[in-house]
Amino acid sequence: MLESSAAREAMVYYRTTSKPCGTAQYGFGAWSEATCLAGLLILWMALAILFNSAPEFDKDVSSIFFIARQCANGAAGSICGDFPASSVHLLKTLRRVFYALPMVGASVVVTIALRDLASGLRWNHERIRISTVSLITLALGPGLLVNGYLKEFVGRPRPADSLLFGGDLPFVAAAEWSKACLHNCSFVSGEAAGIAWIICLLPLWPHHQRQRVFWIMLAIVITTDMLRVAFGRHYISDVVLGSLSTLVIFSAVAWAGELLTRRFYPGIRPAL
């Protein structure tokens, strides 16, 4: 009887979690589907090409938040001014709160994972897989890919540092390699990649709660992204592609994780 009960529990908790099934609460949903991964990757590349070929879009959006003023030296052709939103105390406080949110979320996920491990759950339990995949995504996406590689080596100057908006560096289009910026550059936005990671926590919510939680998460992501643009720290392409890069990594890790699960648990079938 005990063996039969354990077997049933294993069947319920393994599942191929790409689609909801039975009465189980959790699952990756479409994130672990190869079609989702391919679609997100194609979308990222298509938007990168679009932003690169139409740089005026970046310039026009940033110019909405830029206030020009007369240069102190009166030099002809010089552009002076600033992004006044970056000095608004309320907006700065909101930015700091959202900046800390991914680390708070990561701490919660680690706590959940440790509690589950202590209670005897292992990789064949989907909540362990979701927690692990989300943490790997945070390390590989916002951590390694964005802050470790793209921001350090692509070399795109931030809007506030460019000649267009009172800086002394040239404008560089999105996804274009440059040596104009040497460290902590604009492409892509690390904060946008980080805040988008909270969407990767959606599979930890039961299916019936996800739609409501998703809209709250999306509002936070959009607000964070637009604050970075309004502060003159990033172009709109930086935040869009930064956020999307995290979702691409999440889908890739989720797909790989479920593929390995099906391989190493061949005797266990999804619950129906």
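Position 1 is the first residue of the sequence, and the numbers go up from there. Just so you know, these numbers come straight off a predicted model, no measurement behind them.
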Check your understanding: Just by distance, do the side chain of His234 and the backbone of Val239 share a donor-acceptor pair under 3.5 Å?
Key -> no
Check your understanding: Do the side-chain N and O atoms of Arg129 and Asn124 include a donor-acceptor pair separated by under 3.5 angstrom?
Key -> no
**Study point:** side chain to side chain contact (heavy atoms under 4.5 Å, CB included) partners for Thr111, two or more places apart
**Key:** none
**Study point:** Residues in side-chain hydrogen bond (donor to acceptor under 3.5 Å, both in side chains) contact with His89, at least two apart in sequence or another chain
**Key:** none
Point to revise | Contacts of type side chain to side chain contact (heavy atoms under 4.5 Å, CB included), residue Leu169, not counting sequence neighbours | key: Pro157, Asp161
**Study point:** Counterpart residues, ring pair (Phe, Tyr, Trp, His ring centres under 6.0 Å), relative to Phe65 (two or more places apart)
**Key:** none
Review point. Which residue pairs pass the disulfide bond (SG atoms under 2.5 Å apart) test with at least one member in residues 220-259, sequence neighbours excluded?
Key: none
Point to revise | By side-chain hydrogen bond (donor to acceptor under 3.5 Å, both in side chains) - contacts of Asp82 (at least two apart) | key: none
Check your understanding: Stepwise, does the salt bridge (Lys or Arg N to Asp or Glu O under 4.0 Å) test hold for Arg233 with Asp238?
Key -> CA-CA 9 Å; Arg233 303 308 294 163; Asp238 297 327; over 6 Å; no
**Study point:** Partners passing side chain to side chain contact (heavy atoms under 4.5 Å, CB included) against Glu56 (at least two apart in sequence or in another chain)
**Key:** Lys59, Asp60
Exercise for review: Can you tell me which residue pairs pass the side-chain hydrogen bond (donor to acceptor under 3.5 Å, both in side chains) test with a partner in residues 239-250, sequence neighbours excluded?
Suggested key: Asp225-Ser243
Study note, to complete from the structure: Residue pairs passing the disulfide bond (SG atoms under 2.5 Å apart) test with at least one member in residues 86-116, sequence neighbours excluded, are none
Review point. Between Trp205 (side chain) and Gln211 (backbone), is there a donor-acceptor pair under 3.5 Å?
Key: no
Check your understanding: So, does Ser251 use its side chain to make a donor-acceptor pair with the main chain of Leu247 at under 3.5 Å?
Key -> no
Check your understanding: Under 3.5 Å, is there a donor-acceptor pair between the side chain of Ser162 and the main chain of Pro159?
Key -> yes
Practice item. Return each pair, listed once, that meets disulfide bond (SG atoms under 2.5 Å apart) where at least one residue sits in residues 183-245; pairs must be two or more places apart or across chains. Key: Cys181-Cys185
Would you give me the side-chain donor-acceptor pairs under 3.5 Å for residues 94-110, sequence neighbours excluded?
unit_1, atom_1, unit_2, atom_2, d
Arg95, NE, Glu191, OE1, 3.3
Arg95, NE, Glu191, OE2, 3.1
Arg95, NH2, Glu191, OE2, 2.3
Arg96, NH2, Thr93, OG1, 3.4
Ser107, OG, Met103, O, 3.0

Review point. Under 3.5 Å, side chain of Arg158 to main-chain N/O of Gly232, donor-acceptor pair present?
Key: no
**Study point:** disulfide bond (SG atoms under 2.5 Å apart) contacts in which one or both residues fall within residues 135-169, not counting sequence neighbours
**Key:** none
